[in-house]
Amino acid sequence: MRIAPSLALALALLGAAAAPVAVAQEQKNVPKPQAIYAQFRELVTEGRYDIAANFLQAFLDSNPTDADLLEIERKHGTTAFTGLRTVPRWSDDVATEKKTRGNVEEAIKRARVAGEKLLRDPARVQKYIRNLGASYEERVFAEQELKRTGDYAVPFLVDELRNTRDRDVRDGILGTIPKLEAQTMAGWVAALDGMTPDLQYGTLRAIANREDALALQSNAQTDIIPVLWRVLAQPVEQAPTLRAYAEQLLNVLRPGTKAASRLPEAELVAIARTFYDHTARFMGAKVNPDGTPTTLPLWVWVTTDPQNPRLTKVEDVPIGQAEEYYGLRYARWALDRKPEYEAAQGLILSLAAERAVERAKLGSLAKLQPAAFRLLSDAPTPVLADLLSRGLTQKKTALAVAMLQVLGDRADKTVSPLLIKGLSYPDPTVQITAADALLRSPNPVPPEVRAKVVDILKRSLGTAEPASGPESKGKALIADPSKFRADNTGLLFRGLGYDVEVFTNGRDLLRRVARASDFDVLFIDYHTPNPELIDLIGQLQAHPSTGNRPTFVVASPDKPRVPTYDQILLRFAALIAATENQPVPMPPPFVADPRFTPEENAAAKKSNQTNRDNQYRNTVASRIERLNRVITSTGLQATDTQRVLMNLRIELVAYALLGAEFPFSADSAPGTVAHLTRLRRQLAEQPLSPAYGEGTSSTELLKLMERFEIDLAKVPAARRKFDDLYSRADTSDLGLLIETFRDAALEARLARTLKNYPAVRIVPEPFGRASLVADLEAAQADAGQAPREPADKRAAQRTALEWIRKMATGDLTGYDLKSLEPELREATRNDDLASDAIDAIARFGSADAQSALLTLALNTGKPLPLRIKAADAAIRHVQTNGKATPKTLTDPLVELSEKEADPLLRSKLLTLRGLLAFNPAEFVGKVKGYTPPLLPPPPMPKDAEPKKEADPKEPEPKKE
């Protein structure tokens, strides 16, 4: 249910009125924005995030001044707003969740602007730093102001501490550290890298004297434990005072076994492993709606310029990159202590390999991450083999892929047992990489695993012509017996950039999975029949192609429900937009012409803006008129209030769909943007009312739409346009009423049924792009389950086909390829794979193989070299295996052999015609009718040509 800002404000005031009288009197003079924020903060503290979201909206609507924002940060710290990013979930409603996340970022933006105006001024900060060495009153005031400034002041404090010769200023800076906010300690811990031992000693003592010293150790950015172990890892004589204090402090912070009896290098590796295992905690992580932290702030000591090292804060670092940074950092410290320490070496290689493979999205490290590949290539084979064994055993897909790539290039026969083990790993990328490495090894492949190798090559070759384009995000396989539900789900996936294949039963889905491993997501409605769901999931999870692919079971209601009227209206509006007979004559956005004066360009731009605004308005009015005619035919009954609300929503939908075709901005169509702003404001101010169109009207409109879609399917271009427009429409952004179709009891029952398959996720029927995105991101957090790049799939196809060609031509013997013929025939349709496919399929003696070669030779849309090669292979195939081509191909052969323009291809087609379409009677007629052309005599050389005599001139008449 939508809660207007005015209603949220009323709730805030009501809550304030309900408070005790003493509190009300105390807050009587508090400005309204600060009072609303106080209510909001109290609700957040109590964990009532859904209600707090309304108060946050009311707070922003109250237009807090810079003074209000700074006062809030003064009372509650500089993280009063940035800390809101860590709230795991504001609301179960997707639209509310999205809106509240936006409100959080807006509040942070306003607070940052207010702080930059007053607090974040370098001259101001430096003045208060100097005052830390002045009188007591000045020092106390300076500490308060520096605390208000937050972590902006930390780099200035660090620079002054490192460079000052004023003992009072230095002592004042160290005395300020315990009084600063907790999040600023991340900068001080990072700055320890650039300090001398005496400054490290003073800074560590200052951090240890904080009241929250123990709590700081629970976050990676503020944890000083690794720094203390690094101090103990250094030679004893290097800094004896600092070393003694580090040992004393470790015994306090980590009671138990004394620090002197522990190995610093082992402790550092143990800490580094927490980052490798994703168990480390971070401060200030920004949280997605699905509860997964994505980015965080990171302080680093930058030494790229040795003359000017500096402390830098990097905002929004991906959490995986932060884990790699800290893990490598502490493992290197262990190697500084003991260079030959194998545990540290292995951890560095594991971290570097996994994160590099994740960045490459399981692609080639040699091409996409050359620095990591160079590091791994220098490692000894036993170390890499141990890491590969660990990756296969612990199901670390990224680590396994990296080690297989490096070991495969070495072709070391000593690791063949591990390569064979990789063939059974439940991930297609690991399987094809292991098969490729095994086939490249000088050690012969054992006969008992050759069939598995062939099966992996078959599934990697797959359909040979994937629909995924360069911009595709992946391929989703959807199983759902309901056409309407499957279409909706498919459109949502297409809107996210996925290619989609839909199946109505489990049997067809299993066949598709067995045919190729080029898919990235399985989305199965629990009503999918044949076989039953538990058997279908069991077979899919046991299949080598799907063991590591994200699998979702959709808990759709047993009784199909009619979508809301708004959902159907949106879909119908997209149908209308996709089936317009005339193209929209939308003028392109204005581009200034340098030949004209600024005044002339300004006038032309104004005219262009007016024309575009008029075209947007006229097109929207035409589409609304068509949609209203459809609505009228359904007999919709609505009150005046409902009718006004529906008309506003229809207009907003029409503009949104037109904007998907012809994007507009305040610069290109200012009138349209202003109108949409007014339209959204008017929608937000509408009173709450019952939903319209429920019952017969929705059913009738749904039936009418299904008839439209049947006709739409007959026009592929219109269908593609409809899919594109509908997939771009964000229902939550449009504020439409959406039926969620969620059945909590059913979800719980399915969870119990599939409890033995923890990797399978039970999700409600997706009703919007945001909810689907949240489910996919949660499932694909592991790089091994993320969609593979289309280029990587094509590379796997080429690798598989290259080995199949060698097997078929006899370069690699001992493999049975009979089961691969259908995939090879399909491969002839792919220009990138056809050349090798021709070599392989020519070795099969079947009629289908002969027909595939001839079909390619006759395909005028294919490249000429491929057609010539296919024709030549077809000739050899006929000569070896006899005529096996059906008449449906010989007739086009006879016709095309006379028309082909290329003489070489024409000669081969004529040879094929003689082999496949020989007609004795026709041949005799051609023999009898053959008449060679009469050749003209060759031209004579110029010097041998007889000289042409000049025509005799008539005698001139004599003059008398």
Side-chain angles (χ1 to χ4, degrees), residues 268-269 272-278 280 295 298 300 302-304 314 317-336 339-392 394-412 415 418-419 422 425 427 429-430 432-434 436-437 440 780-789 791-793 795-796 799:
L268 286 168
V269 168
R273 192 169 295 280
T274 63
F275 297 96
Y276 175 69
D277 295 333
H278 311 290
T295 59
L298 185 66
V300 293
V302 180
T303 57
T304 51
V314 184
V317 176
I319 194 167
Q321 188 173 341
E323 290 173 336
E324 182 180 22
Y325 170 79
Y326 281 111
L328 293 176
R329 171 183 172 90
Y330 299 149
R332 290 192 191 103
W333 288 357
L335 289 181
D336 290 340
E340 70 280 4
Y341 193 39
E342 292 185 0
Q345 294 178 356
L347 186 59
I348 289 177
L349 292 176
S350 299
L351 262 170
E354 286 201 30
R355 300 305 182 265
V357 168
E358 290 174 4
R359 288 192 294 270
K361 297 183 178 179
L362 300 185
S364 170
L365 288 181
K367 294 180 180 178
L368 302 176
Q369 296 290 321
F373 187 81
R374 191 179 303 113
L375 171 66
L376 296 173
S377 298
D378 291 337
T381 296
V383 174
L384 297 178
D386 179 66
L387 294 178
L388 174 57
S389 177
R390 188 182 306 167
L392 296 175
Q394 299 177 2
K395 295 296 184 289
K396 293 182 176 292
T397 301
L399 181 61
V401 169
M403 296 303 108
L404 284 169
Q405 288 184 11
V406 178
L407 290 172
D409 283 346
R410 295 189 181 187
D412 193 325
V415 297
L418 287 174
L419 302 182
Y425 190 91
D427 182 89
T429 303
V430 174
I432 185 62
T433 309
D436 180 53
R440 281 190 284 165
Q780 296 170 349
D782 180 7
Q785 293 191 314
R788 290 172 295 161
E789 296 291 327
D792 295 331
K793 295 180 183 178
T799 299

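None of these values were measured; they are calculated from a predicted model.
Closest non-hydrogen pair, L376 versus A353, comes out as CD1-CB, 3.9 Å. Across all non-hydrogen atoms, the minimal contact from A385 to L418 is O-CD1, 3.3 Å. The minimum heavy-atom distance linking L349 with A379 is given by the pair CD1-CB, 3.8 Å. Across A400 and L392, no two heavy atoms sit closer than the pair CB-CD2, 4.0 Å.
Looking at residues two or more places apart in sequence or on another chain, you find a side-chain contact (heavy atoms from CB on, under 4.5 Å) between A434 and L404, L423. A search for side-chain contact (heavy atoms from CB on, under 4.5 Å) contacts involving P382 returns P380, not counting sequence neighbours. Under the side-chain hydrogen bond (donor to acceptor under 3.5 Å, both in side chains) criterion, R390 pairs with D386, not counting sequence neighbours. Legend: residues meeting side-chain contact (heavy atoms from CB on, under 4.5 Å) with A352, ordered by chain and number and at least two apart, are L375. Considering only residues two or more places apart in sequence or on other chains, A437 meets the side-chain contact (heavy atoms from CB on, under 4.5 Å) condition with L419.
Atom CG in L347 sits 9.5 Å away from atom CG in L335 (nearest 0.5 Å). Atom-to-atom distance recorded for T397:OG1 and Y425:OH is 3.0 Å, nearest 0.5 angstrom. L388 contributes atom CG, which lies 11.5 Å from atom OG1 of T381 (distance to the nearest 0.5 angstrom). Taking NZ of K361 as the reference point, atom OG1 of T429 lies at 13.5 Å (rounded to 0.5 Å). Here the OG-CE distance, from S389 to M403, works out to 12.5 Å after rounding to the nearest 0.5 Å. Between I432 atom CD1 and D427 atom CG the span is 12.0 Å, to the nearest 0.5 Å.
Using a cutoff of 4.0 Å between basic side-chain nitrogens and carboxylate oxygens, D336 and R332 are not scored as salt-bridged.
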- request: Show your working on salt bridge (charged side-chain N to carboxylate O under 4.0 Å, His left out) between D378 and R374 and close with a plain yes or no.
  value: CA-CA 6 Å; D378 291 337; R374 191 179 303 113; over 6 Å; no

message: Apply side chain to side chain contact (heavy atoms under 4.5 Å, CB included) to residues V357 and Q405 and explain how you reach the verdict.
response: CA-CA 10 Å; V357 168; Q405 288 184 11; 5.7 Å; no

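Y341 places no side-chain N or O within 3.5 Å of a backbone atom of A331 that could act as its donor or acceptor partner.
The list of side chain to side chain donor-acceptor pair (under 3.5 Å) pairs with a residue in residues 317-331, not counting sequence neighbours, reads D193-R329, H278-E323, E324-R359, Y325-R329.
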